Amino acid sequence: MTLSLHNTLTRKKQTFTPLDAEHIRMYVCGPTVYDLAHIGNARPVVVFDVLYRLLKVLYPKVTYVRNITDVDDKINARAAETGEDIRTITQVTAAQFHADAKALNTLDPDFEPRATDHIGEMKIMIADLIAKGHAYVKEGHVLFDTNSWDEYGLLSGHNRDEIIAGARVEVAPYKKDAADFVLWKPSSGGEPGWDSDWGFGRPGWHLECSAMSNKYLGPEFDIHGGGQDLIFPHHENEIAQSRCSHQTDIMAKYWVHNGYLMAEGEKMSKSLGNFYTVHELLEEFPGEAIRLALLKTHYRQPMDFTKAGIAEAKKELDRWYRMIDGASASETPTDVIAALEDDINTPQAIAALHGLGDGSPDALLAGANFLGLLEQDPEQWFRGAGDGDLDEAAIDALIAERDQARADKDFAASDRIRDALLEKGVVLEDSSGQTTWRRK
RNA sequence: GGCGCGGUGGCGGAGUGGCUACGCAGCGGCCUGCAAAGCCGUGUAGACCGGUUCGAUUCCGGUCCGCGCCUCCA
């Protein structure tokens, strides 16, 4: 079995043939740090984490880069709105993002470059694009000249005419062509900015990914990932900038995009209030259950994310955690690897896991670990969750009291204690003369 | 208007031109003081209409419905 991935460039599932089999290079668009990550942001984080884990076992070396966008007009808007310092907003939000990513059991990328640390690289790329006739300066802006490159639109399937016809936004007067996009724009007032040959200003959104992927992975690399909504204009523009600047035939060989997410049957929107942040979901559910809920749907499939879905995922984890008590991970089952090699088919991999539980808990544990699941101790899983307004000593005392009642055959008293504990989210299980407990 | 994605059993969700997906929930039973957990058994599909085929959930065409993108949203 070999790895195959759906490539947006060809709209087909293709066998993955690395540029350099000794070193796989992957870039994934990371968060813009102006607000808490929502569950839609979490999907690519988890999906590409699985791909990263898979690549690491298939190839000797993998470099995974995920950027942090910390210069953006949404950040500026947030600062203006709350009066907070831009630096504070981006640092606090980035830290929160890391905490969320960790709670979802994701591995850290090898590099996590920030846009503001790479302004120099971006300015070099702009100058290069101007020199090569792919960009022009107008009214303090530098714009990419989409007419200068006839392959523009290949990724998204849009041609320039369609883009112009569909434009919902008034075309800025300084653009030669409605499809042209900004590489550098002037900053004023409290907006962050840097000095440049084209005046005090800041980079356009797409440029950072072109500059940073080049720095950490080179002008051509294997995989570029992100959400489907980034295909146009973000990734289309990245390709234009990178390929025109580096004069290459490709930027990334495979473009992998995850599907959109709805919440509770409706498209996520702040006005509807159905906007789950990872942070708030973590107050209610273990991160591992959220991770499994995300992986239960194939990454390209549209997904309706619901709390009921997380609750179901948690039940599956409960069952597995019971099965793996005392197990030690064996080699990763081939079924799991094979499913993932088939365009990251996580639902199939999970089904394979379900098939393993009965006979081979060691294999179940290994397969689950591979997916970033079942990494806790079963006891920690069952006892650590919950609100914990009842400490373990108090629970043990009540169990002892109940044991006495049971010994006295006072089952009414015994059941009263069990019901009281259940009310607090603690479930008792009597087995082989021993009473154990877990949090619901 | 243009481009694209999807519609599978009560729910979630894959593969597959013919054979049980899988999970959650339900139901019956075993076990248990009663539960819980576990075990055994069990029902329920492929939006709609045509076509291709010996045979279609799977391929082709159409209809209906849902969703996304079309200049900065994963």
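We name chains A, B, ... by the order of the sequence lines, and we start the count at 1 in each one. None of the values given here were measured: they were computed from a predicted structure.
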Is any side-chain N or O of A:E312 under 3.5 Å from a base N or O of B:G23, one able to act as donor and the other as acceptor? yes
NZ/NE/NH1/NH2 to OD/OE distance under 4.0 Å, A:K296 and A:E316: yes
Taking N and O atoms by type only, does the side chain of A:R406 place a donor or acceptor under 3.5 Å from a partner on the base of B:G33? yes
Are A:F181 and A:H206, when compared by the centres of their aromatic rings, separated by less than 6.0 Å? yes
For B:A35, does the base pair up with any side-chain atom of A:R418 as donor and acceptor (N or O, under 3.5 Å, distance only)? yes
Donor-acceptor side-chain pairing of A:W205 and A:T69 below 3.5 angstrom: no
Between the side-chain atoms of A:D415 and the base atoms of B:G33, is any donor-acceptor pair under 3.5 Å? yes
Which is true for A:R416 with a 4.0 Å heavy-atom rule: it touches a base, it touches only sugar-phosphate, or it touches nothing? nothing
Find out whether the Lys NZ or Arg CZ of A:K176 is both under 6.0 angstrom from the six-membered ring centre of A:Y136 and within 45° of the ring's axis. yes
From NE2 of A:H257 across to C1' of B:C3 the rounded distance in Å is 15 Å
Across the strands shown, which category fits A:H38 at heavy-atom distances under 4.0 angstrom: base, sugar-phosphate, nothing? base
Nearest to side-chain heavy atoms of A:R322, which nucleotide of B:A36, B:A14, B:G38: B:G38
Can you tell me which nucleotide in B:G23, B:A14, B:G6 comes closest to the side chain of A:P302? B:G6
On a whole-Å scale, what distance lies between the P atoms belonging to B:G26 and B:G33? 23 Å
A:E238 side chain to A:S210 side chain, donor-acceptor N/O pair below 3.5 angstrom: no
If pairing means Watson-Crick or G-U wobble with both distances under 3.5 Å, then the partner of B:U53 is none
Pairwise C1' distance, B:G68 and B:C11 [rounded to whole Å]: 24 Å
Please tell me which of the listed nucleotides, B:C72, B:G13, B:A35, lies nearest to the side chain of A:D430? B:A35
With the criterion set at under 5.5 Å between ring centres and under 30 degrees between planes, would B:G33 be stacked on A:F411? yes
Who does B:A14 pair with, Watson-Crick or G-U, both distances under 3.5 Å? none
Here's a test of your reading of the structure: between A:P347 and A:G226, which maps to the more 5' nucleotide of RNA chain B? A:P347
Give me the distance, rounded to whole Å, that separates B:G46 from B:C19 when you measure between the P atoms they each carry. 14 Å
Of all the nucleotides listed (B:A21, B:A74, B:G23), which has the minimum atom distance to the side chain of A:E316? B:G23
Whichever of A:R11 and A:C29 has its nearest RNA chain B nucleotide further upstream toward 5': A:R11
Donor-acceptor pair under 3.5 Å: do we get one between A:D73's side chain and the base of B:C72? no
Partner nucleotide, any strand, of B:C5 [Watson-Crick/G-U, under 3.5 Å]: B:G66
Between atom CD in A:Q228 and atom P in B:G68, what is the gap in whole Å? 11 Å
Would you mind checking if A:R402 and A:D430 are paired as a salt bridge, meaning a charged N to carboxylate O distance below 4.0 Å? yes
Look at all strands and tell whether A:I350 reaches a base, only sugar-phosphate, or nothing, counting heavy atoms closer than 4.0 Å. nothing
Whole-Å gap separating P (B:G15) and CG (A:D343): 9 Å
Should A:Y260 be listed as having a side-chain N or O under 4.0 Å from OP1 or OP2 of B:A74? no
Nearest-angstrom distance, P atom, B:G43 to B:G62: 39 Å
Take atom CG of A:L154 and atom P of B:C3, then tell me their distance rounded to the nearest Å. 16 Å
Separation of the P atoms in B:C72 and B:U16, to the nearest angstrom: 39 Å
Mind checking if A:N237 touches a base, just sugar-phosphate, or nothing, with heavy atoms under 4.0 Å? nothing
Separation of the P atoms in B:U52 and B:U57, to the nearest angstrom: 15 Å
Ring-plane angle category for A:F144 and A:H134, please: parallel below 30°, perpendicular beyond 60°, tilted otherwise. parallel
Separation of the P atoms in B:G4 and B:C27, to the nearest angstrom: 47 Å
Under 4.0 Å between any heavy atoms, over every strand shown, what does A:S414 touch: base, sugar-phosphate, or nothing? Just pick one. base
Watson-Crick or G-U wobble partner for B:A35, using a 3.5 Å limit on both distances? none
Centroid-to-centroid, A:W320 to A:H354, below 6.0 Å? yes
Let's see if you can work this out: which of B:A74, B:A14, B:G23 has an atom nearest to the side-chain heavy atoms of A:P44? B:A74
Whom does B:A21 pair with, Watson-Crick or G-U wobble, provided both distances fall under 3.5 Å? none
Applying the 3.5 Å cut-off to both distances, the Watson-Crick or G-U partner of B:U42 turns out to be B:G26
Check every atom of B:G23, B:G68, B:C24 against the side chain of A:K315 and return the nucleotide holding the closest atom. B:C24
Quick check for you: among B:A74, B:G38, B:A21, whose closest atom lies nearest to any side-chain atom of A:Q348? B:A21
Whole-angstrom distance between B:A14 and B:C22, as gauged at atom P: 16 Å
